[in-house]
S.K.: 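Structure below; questions to follow.
Counting starts at 1 for both ligands and their atoms, following the listed order.
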Amino acid sequence: MQSSFVRPFAFAVLMTGSSLVPASLLASPASKADALLAKMTLDEKIGQMVQIDSGALADKTDVKKYFIGSVLSGGGSDPADNLPATWLQFANSFQDQALQTRLKIPLLYGIDAVHGNNNIDGAVIFPHNVGLGAMHNPELAARAARVTAAEVAGVGIQWAFGPCVAVAQDIRWGRTYESFSDDPALVSTLGAAQIRGMETPLPNGFTVLACPKHFLADGGTKNGVDEGNALGDEALMRNTFLPPYRAAVAAGAKSIMVSFSSWNGEKMHGNKHLLTDVLKGELGFKGFLVSDWAAIDQLGPNYKNDIETSINAGLDMAMIPYGPGQNNNYVDFINDLKDLVATGRVPQARIDDAVRRILLAKIEIGLFKYPNADPKLVSEVGSPAHRAVARECVRESVVLLRNENRTLPLSKNLQHLVVVGKAADDLGMQCGGWTISWQGSTGAVTHGGTTLLTAIKQAVSKNTEVTYSPEGDNLQGASAIIVAVGEMPYAEMKGDRSDLSLATADAALIEKAKAAGVPVVTVLYSGRPQVLGASLEQSDAFVAAWLPGTEGEGLTDVLFGDFQPAGKLSRPWPRDNSELNSSVFASHAAEPLFVPGYGLSYKAGMKAKEIKTAAVHE
Ligand code: BGC
Ligand code: BGC
């Protein structure tokens with residue numbers, strides 16, 4: 001009968017404009033993932049579970065040979081000149097290999113875009129999360145992530161290892177600046193906002209995949225030791241560290257990175273209860289779990305056992321920075337996992353679940369449709385429009401700690417404005433770690449961007465003479481002095497400190513400025529509160545600028561009063577080092593110098609003390 005013949009056909013096609021779309025393309029992402037999975041061999045499946053650092057790949061053709069699912073650039077794995085157009089070609093060259101495989105499953109290229117697409121020369125660098133926390137502004141945090149996504153996609157990359165949703169408790173931890181706050185609620189709000197911002201489709205419809213990290217309690221380790229051990233019962237884990245992941249899942253997170261750290265002595269990468277039962281089960285996380293950098297290697301001395309433990313615990317993709325000739329390299333991983341499946345130590349169902357999750361994320365972000373970047377986006381990397389968003393973040397993140405005699409805002413018509421301190425003209429210090437290189441460095445680290453000194457020169461009137469001397473040899477005849485000091489760049493464990501006092505030279509410079517007898521404004525670049533000692537009172541005004549990134553004009557917007565300071569501390573500010581030494585949650589020591597929520601404005605009438613009290617009772 002004609003009707004029974006026609007009907008199925010009518011269901012199989014749908015008119016969209018003038019074109020006919022086959023029903024197979026209208027299938028749900030989940031059924032597409034299942035259909036693809038059904039076609040895959042074990043080799044193809046295991047390949048999807050492998051992520052290799054580009055620097056470890058023996059040859060790009062290994063992507064094709066082993067059906068590799070993902071490649072990353074760690075902190076130092078950049079193409080030769082590190083420019084956006086080169087990155088685009090670089091990322092595409094790996095994708096080309098993936099697209100030559102039998103099933104043409106595109107690979108995900110991943111990068112640590114944690115404050116802008118920070119590895120790439122000329123990309124806009126945003127304030128680190130410690131600064132974004134002080135903004136208390138989810139809408140702006142989302143826009144910042146959206147700009148980062150555009151700069152990631154612009155160089156052919158589809159996956160950003162952020163936001164970091166650590167709820168850092170002990171500021172001796174070298175990654176404190178990657179944490180928005182010690183308050184789970186604030187971290188949840190800002191983390192979710194950034195995931196939504198990051199995963200907002202770009203103009204061509206493509207979406208960059210976010211990756212909240214590091215699950216779980218990376219910021220809760222004893223004494224703030226990086227990759228250390230968090231102590232406490234499960235209620236503590238759930239109340240303090242889990243909320244941002246609940247919010248992340250609700251915001252649509254499709255990938256999450258597991259933490260190097262341990263809980264009560266057990267490595268997170270082997271913790272089936274937290275990875276599978278709690279995150280995937282209870283929280284309903286449908287995305288995939290990626291390991292941290294060679295992190296499964298830390299489970300024990302035998303790599304094959306480590307693979308078994310982590311995959312059975314719920315890990316879906318392993319980040320592997322080693323290639324042939326090195327221990328625990330990607331070929332070992334592939335061969336070992338194959339054998340583990342063959343001998344039943346890792347169930348086939350676990351492999352299928354892992355691969356289904358990875359495929360689902362790839363389908364949902366539109367990777368099959370857009371495996372290569374829209375080349376138009378590359379010209380937007382570091383664009384004025386993107387820089388304007390970062391500048392907004394800078395001025396909203398600045399926290400005014402002290403402002404005696406209304407020293408700030410400064411007049412733009414001072415006769416002689418003296419600027420001192422190495423930090424004032426150092427983009428690298430302004431940006432901190434995870435900038436161009438893993439650890440970051442001092443000096444002119446990137447093209448574009450504005451140091452504080454340059455921004456000051458642009459902001460003042462033509463009647464004002466601005467002089468600069470890093471050591472403060474120009475104090476004679478000053479109308480006012482701006483002192484810029486701060487921490488040297490660092491990342492991860494290299495930033496762990498037990499003493500958070502200002503550097504001796506920085507304190508001496510502030511003292512020297514004070515002796516000149518004119519108003520002194522101190523601007524501090526740091527990844528966390530510092531122990532200020534006498535330097536606070538020696539400064540008539542004191543500004544915590546965190547690690548603001550490339551857009552120094554955001555600082556002068558506040559210093560010269562074009563913008564009201566509105567930043568509020570997102571964590572307590574300790575009085576001295578002894579407050580850091582007590583317990584796991586050392587930052588909650590009894591009497592901080594400034595409480596969370598503290599931050600002055602230029603509005604008349606309120607004294608520092610009154611504001612401090614007001615903030616507590618808000
Ligand atoms: C860090 C991660 C980062 C990864 C890749 C690790 O050492 O802990 O945050 O995403 O390296 O660079
Ligand atoms: C890499 C980083 C990585 C770190 C881990 C560095 O060599 O560049 O990306 O996070 O090692 O220790």
S.K.: Looking only at distance, does Ser73 have an N or O less than 3.5 Å from an N or O of ligand 1?
M.R.: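 No, no N or O pair falls under 3.5 Å.
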
S.K.: Does Glu151 have any salt bridge (charged side-chain N to carboxylate O under 4.0 Å, His left out) partners at least two apart in sequence or in another chain, and if so, which?
M.R.: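 Checked Glu151 against salt bridge (charged side-chain N to carboxylate O under 4.0 Å, His left out); zero matches.
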
S.K.: Is it the case that the side chains of Ser77 and Asp53 hold a donor-acceptor pair, with the cut-off being a distance below 3.5 Å and no angle test?
M.R.: yes

S.K.: In Å and rounded to the nearest 0.5 Å, what is the CG to OG1 distance from Asn119 to Thr435?
M.R.: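 Here the rounded value is 9.0 Å.
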
S.K.: If you measure from each heavy atom of Trp438 to ligand 1, is any distance below 4.0 Å?
M.R.: no

S.K.: Show which atoms of ligand 1 fall inside a sub-4.0 Å distance from at least one heavy-atom site of Met257.
M.R.: 2 (C), 10 (O)

S.K.: So, 4.0 Å and heavy atoms of Arg175: is ligand 1 close enough to count as a contact?
M.R.: yes

S.K.: Apply ring-ring contact (aromatic ring centres under 6.0 Å, His included) to Phe215 and list each qualifying residue two or more places apart in sequence or on a separate chain.
M.R.: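 In terms of ring-ring contact (aromatic ring centres under 6.0 Å, His included), with neighbours along the sequence ignored, Phe215 is linked to Tyr245.
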
S.K.: Any non-hydrogen atom of His214 lying under 4.0 Å from ligand 1?
M.R.: yes

S.K.: Please verify the inter-ring angle class for Tyr177 with Tyr490; under 30° counts as parallel, over 60° as perpendicular, anything in between as tilted.
M.R.: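 Plane angle between 30° and 60°, so tilted.
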
S.K.: Does Trp434 reach ligand 1 with a nitrogen or oxygen that is under 3.5 Å from one of the ligand's nitrogen or oxygen atoms?
M.R.: no

S.K.: If I take atom CG from residue Asn129 and atom CZ from residue Arg175, how far apart are they, to the nearest 0.5 angstrom?
M.R.: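 Answer for the CG-CZ pair, Asn129 versus Arg175, is 11.0 Å.
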
S.K.: Considering the heavy atoms of Phe260, write down every atom of ligand 1 situated less than 4.0 Å from one of them.
M.R.: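 Answer for ligand 1: 6 (C), 7 (O), 8 (O).
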
S.K.: For ligand 1, is there an N or O atom under 3.5 Å from any N or O atom of Asp112?
M.R.: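 Between Asp112 and ligand 1 (N or O atoms, distance only) the closest approach is under 3.5 Å.
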
S.K.: Which ligand 1 atoms does Lys213 reach within 4.0 Å, using its non-hydrogen atoms?
M.R.: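 What qualifies from ligand 1 is 2 (C), 3 (C), 9 (O), 10 (O).
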
S.K.: Below 4.0 angstrom from a heavy atom of Asp292, which ligand 1 atoms are there? Numbered from 1 as shown, please.
M.R.: 1 (C), 2 (C), 3 (C), 4 (C), 6 (C), 7 (O), 8 (O), 11 (O)

S.K.: Write down the atom of Glu492, the atom of Trp434, and the distance for their closest heavy-atom approach.
M.R.: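 Heavy-atom minimum between the residues: OE2-CZ2, 3.1 Å.
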
